[in-house]
Number of protein chains: 2
Amino acid sequence: MSQPGAVGRRPTLEAVAALAGVGRGTVSRVINGSPSVSERARAAVESAIAELGYVPNRAARSLVTSRTDSIALVIPEPETRLFAEPYFSDIIRGVSGVLADTDMQLLLTLIRTSHERQRLAQYLTAHRVDGVLMVSVHEDDPLPDLLDRIEMPAVLSGRRSDLESVSYVDADNVAGARSAVRHLLRRGCRAIATVAGPPDMYVARCRLDGYRQALAEEGLEHSDDLVATGDFTEDSGRAAMRALLERRPDVDGVFAASDVMAAGALLVLRESGRSVPDDVALVGFEDSVVARHTDPPLTSVRQPTEEMGRTMARLLLDEISEPGRLRRQVVLPTELVRRQSA
Amino acid sequence: MSQPGAVGRRPTLEAVAALAGVGRGTVSRVINGSPSVSERARAAVESAIAELGYVPNRAARSLVTSRTDSIALVIPEPETRLFAEPYFSDIIRGVSGVLADTDMQLLLTLIRTSHERQRLAQYLTAHRVDGVLMVSVHEDDPLPDLLDRIEMPAVLSGRRSDLESVSYVDADNVAGARSAVRHLLRRGCRAIATVAGPPDMYVARCRLDGYRQALAEEGLEHSDDLVATGDFTEDSGRAAMRALLERRPDVDGVFAASDVMAAGALLVLRESGRSVPDDVALVGFEDSVVARHTDPPLTSVRQPTEEMGRTMARLLLDEISEPGRLRRQVVLPTELVRRQSA
DNA sequence: GTGAAAGCGCTAACAG
DNA sequence: CTGTTAGCGCTTTCAC
């Protein structure tokens, strides 16, 4: 530690063996927690390790085990802005928390260009990580299939469809949407509209399903002119809300498939002279921090993002250590957070 | 690529050499772009590489070169919430963008507990990365000194003091604060207060300096009761603003050292019946996304966060490839973003 | 310019 | 239980 010329060679397993008066094999066994080591030997090795401040050389280990002790978190860049801020940091926080107890490392991979995709594919094919975590995967993304083909353990956040073939962790979007609409029903809303997401995204379909289910439960109208579709942007939320108001001026409740779209809807409602939530109650699915900063802050369906990160990491570690060809699937509950005063 | 039993061994340099009809050394030279290879040999090797889909084994290379081709981005966890969302993702975006052109990998390291700190220190001491990027380092953080001692290339975002000994990239906090206050002056404010940050943080001192400089330039009062101190939290911003209003009911402009504190101040101003920005103009330093979501959105001093990330990465790569013992220091300009209608 | 040979530090298989 | 041995795949002298 306090060596003056600390630059030089760091101690090797060999040095530890010499100091402990044992063979290299024994040192290796101690490090890897093999049970077949005598107490005496283990003690000697451990104190030698401590004395030398020995840390195993990962490259050398990796070379022989062909494990890398690292996993990659892959984030498609375009998403970064839309499904905004707290989402990714929470995921990272969760993942990182689980990994901290391991000696696995987390590699962060932002994918911006198709060139970078390419490089990632090559990287993965070369098995330079032991597993992959993927956030917001699109239905047409070829990566999951690649992962499957090269037998690389992987866990997705969200699924691409009902029949997702890769392990995943998802929020219960259907139930979340249902609870949002039930909330509106409890408030006494009768003409409940929804600003839905793009129908080619599974998550959007789920949220729309939840909306429909909640209305059906109540035997309520379930008319097409109460559904407007956006693309998760604020502008599209605005446009959808305008369309809705035109078709159904009597609307008194809106469930938006994302808080960003909800924010857009909120502005339009205001412009139209309606007060929120008194004239029209508004609930959004909370994908970003926006719900907390609108005025008034929106009641919204919150996803357990950090927990999703933790769960993803755990599933992946499982899958790495026990590569049974079984798919692991977890759907986590959401929570309705009341923020509007009323 | 389309091999059926793609599971098996991936091709090695040896295989490439065999196919190209050259020795392993030559293949290695080609891969590492050595000039002393004949055109003929190079072509043969390259086509062999393509045919086999060869990708070098990083562990093996690392073992012999004792470089890891990866750098760590270290983020102290507590910060994650406070200096909030876009900051870190922007930094990451910037860093990752620069690294994409390299074959360096980015390791993400969140530091939560002292135990994790410990592990990181050990990790770094074992030289398991080629360099380190550190975000929001505290003055009493022992890590920079450790890095220095083990001669690990490092770049900080922000500096700990005027005499920062480690390379860094910082925003020009002094100039930023100055521009904020000048803006208030131009608006005609005469009693300009500041909600300052904790005096033991260099960044806070810089912003306070800038505030003072701008007032001094104008020959304006520079009284202590126009300065209230917070700790960058919204609550502290509220408290500071209350204190300010009590001491100086005539205040007509406020510069807050962070947008989060500005948001707190905004609420207090409202409660006190003052309208912003008409009665009291408010400008904050934009550390988070909050400035954009207050009502009205705050005019604020924006930092070039992504650019900071890019610059950090570049400096670090420089430092790694050319470990001259010279400190690299960059101070990036800020920008005043007018968001208030007036 | 290029092949051959010598390891980098570690694990795993094999005798003892 | 433990020491010894043989590589893992690559870079890098060092002769040719």
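Numbered from 1 within each chain, the chains take letters A, B, ... in sequence-line order.
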Summarise how protein sits on nucleotides 11-16 of chain D as a single string, 5' to 3': B when a protein heavy atom is under 4.0 Å from the base, S for sugar-phosphate-only contact, - for no contact. BBB---
Between the axis at one end of the helix from C:dG1-D:dC16 to C:dG16-D:dC1 and the axis at the other (five pairs apiece), what's the angle to 10 degrees? 40°
Atom-to-atom span, CG of A:Asn57 to P of D:dC10 - whole angstrom: 16 Å
Between A:Thr305 and A:Arg93, is any side-chain donor less than 3.5 angstrom from a side-chain acceptor? no
Run the side-chain hydrogen bond (donor to acceptor under 3.5 Å, both in side chains) test on B:Gln105 and B:Arg58 for me, step by step, so that the C-alpha distance in whole Å, both residues' side-chain angles and the decisive distance to 0.1 Å come before the verdict. CA-CA 11 Å; B:Gln105 296 169 198; B:Arg58 217 186 193 94; 3.2 Å; yes
Atom CD of A:Glu139 with >12 non-hydrogen neighbours under 6.0 angstrom: yes
Nearest-Å distance, CZ (A:Arg42) to P (D:dT2)? 9 Å
Heavy atoms only, 4.0 Å cut-off, all strands: where does B:Ala41 land among base, sugar-phosphate and nothing? sugar-phosphate
Please report the distance, rounded to the nearest Å, between CG in B:Leu52 and P in D:dG9. 13 Å
So A:Ser38, base contact, sugar-phosphate only, or nothing? Heavy-atom distance under 4.0 Å. sugar-phosphate
Give a yes/no answer on whether the side chain of B:Thr12 brings an N or O atom under 4.0 Å of OP1 or OP2 in D:dC8. no
Distance from B:Leu73 atom CG to B:Thr109 atom OG1, nearest 0.5 Å? 7.0 Å
Residue pair B:Arg10, A:Thr125: steps toward the side-chain hydrogen bond (donor to acceptor under 3.5 Å, both in side chains) verdict: CA-CA 9 Å; B:Arg10 281 162 284 286; A:Thr125 308; over 6 Å; no
Rounded distance in Å - CD (A:Glu14) to C1' (C:dG7): 13 Å
Measure the spacing between CD1 of A:Ile111 and CG of A:Leu120 and express it to the nearest 0.5 Å. 4.5 Å
Are A:Asp141 and A:Arg117 within salt-bridge range, i.e. N to O under 4.0 Å? yes
B:Arg67 CZ to C:dC8 P, in whole Å, measures 18 Å
State the CG-OG distance between B:Asp148 and B:Ser165, to the nearest 0.5 angstrom. 5.5 Å
Can you measure A:Arg58 atom CZ to C:dC10 atom P for me and round it to whole angstrom units? 13 Å
Pair A:Glu307 + A:Arg310, salt bridge at N-O below 4.0 Å: yes
Length of the CZ-P vector between B:Arg128 and C:dG9, whole Å: 14 Å
Name the nucleic acid region contacted by B:Ala59, choosing base, sugar-phosphate or nothing; use a 4.0 angstrom heavy-atom cut-off, strictly under. nothing
